[in-house]
Amino acid sequence: MVKILAVTNQKGGVGKTTTSVNLAASLAATGRKVLLVDMDPQGNATMGCGIDKRELQHTIYQVLLGSAAIGEVRRISESGGFDLIPANRELAGAEVELVDLPNRETRLKQALRAIQDNYDFILIDCPPALNLLTLNGLCAAHAVMIPMQCEYYALEGLSDLVSTIKKVRANLNPALQIEGLLRTMFDARNLLAQQVSDQLKQHFGDKVYDTIIPRNIRLAEAPSHGVPAIKYDRNSKGAQAYLALAGEILNRSAVQTAAA
Ligand code: ATP
Ligand code: MG
């Protein structure tokens, strides 16, 4: 059965897109069928997959507004080995235009139904806001993956996100789980990062992934070549960390399936 994960954190620049693209490529490298949905008007995930956001006729925007079918919009990321529903700046308009439409929070969920059975994993790259686009991601998902930097204000931002997840659970998507918290851009020599990491484990226990994504220049360079890091420099510490994360996620879901 497909697992749909929303990669979300309302804080900007914490590694959501880097995680979405590299985890999608790493899961695909294990032979899983993967779809990545770009829900951010910045279109960074689209560009990072090697697809030029400026040349797209149709994107997730038309799907959300009901003027294109999701299958028509879908592209193949040759460099990533997975499928992509792209986005570009047009999507910024959807925020306003969706407000008056029926089922405005569940439009992505409805759209995915047509294609979701073709995949093992669907990853949704959310924008840095708790807005209607993110809500669509949270309503469509089975679980949330939260990338975060271990900084002083990180825990504070996390409590806003957790309360949003609780509200979504109460009103729109009762089955929504927190899949895991991912420590990104981690610098083990930084004492504060170690302290925040320890606090995170105290609060969230085994919801914190064992895999830590280090700060690694290859992860920052790869998007400018339109490829995931495992294609750009497979042996880099960053690429290896995302491959390890894919392994950890697959192990966790195997354990959950066995326990069910
Ligand atoms: P936004 O909130 O704007 O969507 P984001 O949460 O998606 O941002 P990214 O775009 O993935 O964050 O990362 C922000 C910046 O940090 C990018 O320039 C990216 O290349 C870089 N970056 C992400 N992860 C790492 C890492 N582990 N090591 C080094 N650089 C990284
Ligand atoms: Mg992003």
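All values derive from a computational prediction rather than experimental measurement. Numbering of ligands and ligand atoms starts at 1, following listing order.
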When you group the ILVMFWY residues by side-chain heavy-atom contacts below 4.5 Å and let the links chain together, are [Y] and [X] in the same group?
| X | Y | result |
| --- | --- | --- |
| V21 | I217 | no |
| I124 | L245 | no |
| L123 | I230 | no |
| L133 | L135 | yes |

Using residues 195-210 as the side-chain source, report each donor-acceptor pair under 3.5 Å to any protein atom, sequence neighbours left out, with the distance given to one decimal.
from : atom 1 : to   : atom 2 : distance (Å)
S197 : OG     : R183 : NH1    : 2.8
K207 : NZ     : I178 : O      : 2.8

Yes or no on side chain to side chain contact (heavy atoms under 4.5 Å, CB included) for T184 and M148, after CA distance, side-chain angles and deciding distance?
CA-CA 6 Å; T184 58; M148 56 177 299; 5.6 Å; no

Short N-O contact, D233 and R218, less than 4.0 angstrom
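Yes.
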
Dump the intermediate steps for side-chain hydrogen bond (donor to acceptor under 3.5 Å, both in side chains) on R113 and Q110, then the final yes or no.
CA-CA 5 Å; R113 284 210 175 117; Q110 298 296 345; 3.0 Å; yes

Checking a contact table here: which protein heavy atom is nearest [atom], and how many Å away?
| atom | value |
| --- | --- |
| atom 16 (O) of ligand 1 | M185 CE, 3.8 Å |
| atom 5 (P) of ligand 1 | K16 N, 3.4 Å |
| atom 20 (O) of ligand 1 | A220 CA, 3.3 Å |

Using a plain distance cutoff, I'd like to know if [X] has any nitrogen or oxygen under 3.5 Å from a nitrogen or oxygen of ligand 1.
| X | answer |
| --- | --- |
| T19 | no |
| T17 | yes |
| V14 | yes |
| T184 | no |

Please identify which atoms of ligand 1 are closer than 4.0 Å to at least one heavy atom of [X].
| X | result |
| --- | --- |
| P214 | 26 (C), 27 (N), 28 (N) |
| G13 | 1 (P), 2 (O), 3 (O), 5 (P), 6 (O), 8 (O), 12 (O), 14 (C) |
| Q42 | 1 (P), 3 (O), 4 (O) |
| G12 | 2 (O) |
| I213 | 27 (N) |
| N216 | 26 (C), 28 (N), 29 (C) |

So, do M1 and Q116 sit near enough that their side-chain heavy atoms are less than 4.5 Å apart?
no

Counting only heavy atoms not in L192, do more than 12 sit closer than 6.0 Å to its CG atom?
yes

Tell me, yes or no, whether the heavy-atom count around R89 atom CZ, taken from other residues, nucleotides or ligands under 6.0 Å, exceeds 12.
no

Looking at ligand 1, is there an atom of it that comes within less than 4.0 Å of some heavy atom belonging to G15?
yes

Does ligand 1 have an atom under 4.0 Å from some heavy atom of D40?
yes

What protein N/O/S atoms lie closer than 2.8 Å to the Mg ion (ligand 2)?
T17 OG1

Protein heavy atom under 4.0 angstrom of atom 18 (O) of ligand 1, is there one?
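Looking at atom 18 (O) of ligand 1, one finds that no protein heavy atom lies closer than 4.0 Å.
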
Could you tell me whether atom 29 (C) of ligand 1 has a protein heavy atom closer than 4.0 Å?
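For atom 29 (C) of ligand 1 the answer is yes, since some protein heavy atom falls inside 4.0 Å.
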
Counting heavy atoms only, which of L219, T18, I212, N9 comes nearest to atom 9 (P) of ligand 1?
T18

Walk me through whether R104 and L132 qualify under side chain to side chain contact (heavy atoms under 4.5 Å, CB included).
CA-CA 8 Å; R104 58 188 178 186; L132 207 40; 4.2 Å; yes

Just how far is it from atom CG of L23 to atom CG of L36, taken to the nearest 0.5 Å?
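The distance works out to 9.5 Å.
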
Which atom of T211 lies closest to which atom of A241, heavy atoms considered
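For T211 versus A241, the nearest heavy atoms are CG2-O, 3.4 Å.
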
Under 3.5 Å: donor-acceptor pair, side chain of K231, backbone of S79:
yes

